[in-house]
Amino acid sequence: MPEAGPEEAVSVLGTRGTAWRPETRLYSDGVVIGADGAPVIVPPRSSVSRVPGTGLLEPGRRLPGAAEATPEAVERERAWLAAADVPGRGSPWEEMARTALIDVRTLLYPHGALVAAASPYWRYVWPRDAAFCAVALALSGRRADALRVLRYVAAIREADGTWQARYLPDGSGRVPDDRGTQLDGIGWTLWAAWLLWRTASVSPDDASAATDAEGWADVSPALLGAAEALDAVVDVGTGLPRPSPDYWEKATTDVTLGTAAPLLLGARAGAEVLRGLGAPDAARRCARVASRLGPGIERHFAPHGYPRRRGGGRDAAVAFLLPPFAPAAPRPAPPGTGPWPRSGCPTGACVPGRSGPTPRPPGPRNCPCSQ
């Protein structure tokens, strides 16, 4: 049988794997800027590349929908990158960080939708992913782009102040499936808003003040709604949120650390950003939630070494309780129950949730990172 071409390969991707044993085929060779500003996928096994320092397709190559790399376009994109504060300058990771920042810009639609990838299975806006990308843009000095991302996420919020798992990037607020609400989106969105607000406070830019004011006017109602939702989902008695799918995106009847920890982060962040935006009542509400959610996590998760769920296995979500997401604080764990020892991963990594895939014997071929 002849080898399938790039278009055929894309059409069958996502059909062979499961959440526990995902397929490992290449989904794309990258992404380039489209003629309309939207991201355009570079199919697997392509030989095309981008103009260095930009997300533009190299001249002389053809890809349906791709923007032309005119001298003006190349200059514009390189000027955007030159104005950014690329993390890791002078370090071995500088080029990786620069490429990642270009990727984030390339995945950003003109109207603010930031998709997880250009390939069809991730060409959606996850509030969780969008929050991290907005933070990356803000910390790189691209605050206007970060604010665009937050404005989009704010505009697609649900009436009860929560967010669904993911949304179409067309601005309609529609979802592609029935994954439903994922409560951690509340926390991640409040955190991203706080960090953007802090960067603007530390490094004010008079030239962008008007744009910032307009943008925050659009974002603030979503933050107020998120504060109300946060208060509603965290139980006063247990100090824990109601069960919700987290970054694993699997239905659950248990409260997971992957939901509780981001909500605590959001409560702390919301208390500060909402106070700074002139919403003291909402700020106090977030502070009250933090005062019951923090102890709730310590009571129910700390004695077991911060597992994914109470009585479950270790989970990488414990990182959300540590710097840079939270102030440094001693977190003793019973001997042998800490999240990192005996992870079984030769790379030193921790499996995202050990209550998910069945653990396999240590070794490079069985390393979760290689699956």
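FYI, side chains are in, hydrogens and waters are out, and symmetry mates aren't considered; it's all heavy atoms of this structure. Throughout, numbering of the chain's residues begins at 1 and tracks the sequence.
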Measure the spacing between [atom1] of [X] and [atom2] of [Y] and express it to the nearest 0.5 Å.
X      : Y      : atom1 : atom2 : answer
Arg174 : Ile156 : CZ    : CD1   : 12.0 Å
Phe301 : Thr256 : CZ    : OG1   : 6.5 Å
Thr238 : Ile297 : OG1   : CD1   : 10.5 Å
Leu224 : Asp281 : CG    : CG    : 10.0 Å
Ser220 : Leu150 : OG    : CG    : 10.5 Å
Asp129 : Tyr124 : CG    : OH    : 14.0 Å

Subject >> Shortest non-hydrogen separation from Pro169 to Val115 and the atoms involved >> reply: CB-CG1, 3.7 Å
Subject >> Thr181 versus Pro245, closest heavy-atom pair with distance >> reply: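 Between these two residues, the closest heavy atoms are O-CD, 3.8 Å.
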**OP:** Report yes or no: do Trp80 and Asp145 form a side-chain donor-acceptor pair below 3.5 Å?
**Re:** yes
**OP:** Would you tell me whether Thr259 and Arg242 have side-chain atoms, one donor and one acceptor, within less than 3.5 Å of each other?
**Re:** no
Subject >> Joint cluster assignment, Leu196 & Trp194, ILVMFWY side-chain distance < 4.5 Å >> reply: yes
With the side chain counted from C-beta on, respond yes when [X] and [Y] share a heavy-atom pair under 4.5 Å apart, and no when they do not.
X      : Y      : value
Leu264 : Arg268 : yes
Glu77  : Ile33  : yes
Arg78  : Pro52  : yes
Thr54  : Leu81  : no

Subject >> Parallel, tilted or perpendicular: ring planes of Phe325 versus Phe132, cut at 30 and 60 degrees >> reply: perpendicular
**OP:** Fit a plane to each ring of Phe320 and Trp188, take the angle between them on a 0 to 90° scale, and name the class: parallel (under 30°), tilted (30 to 60°) or perpendicular (over 60°).
**Re:** perpendicular
Are [X] and [Y] close enough for a salt bridge, meaning some N to O gap below 4.0 Å?
X      : Y      : answer
Arg309 : Asp246 : no
Glu95  : Arg98  : yes
Glu72  : Arg76  : no
Arg292 : Asp231 : yes

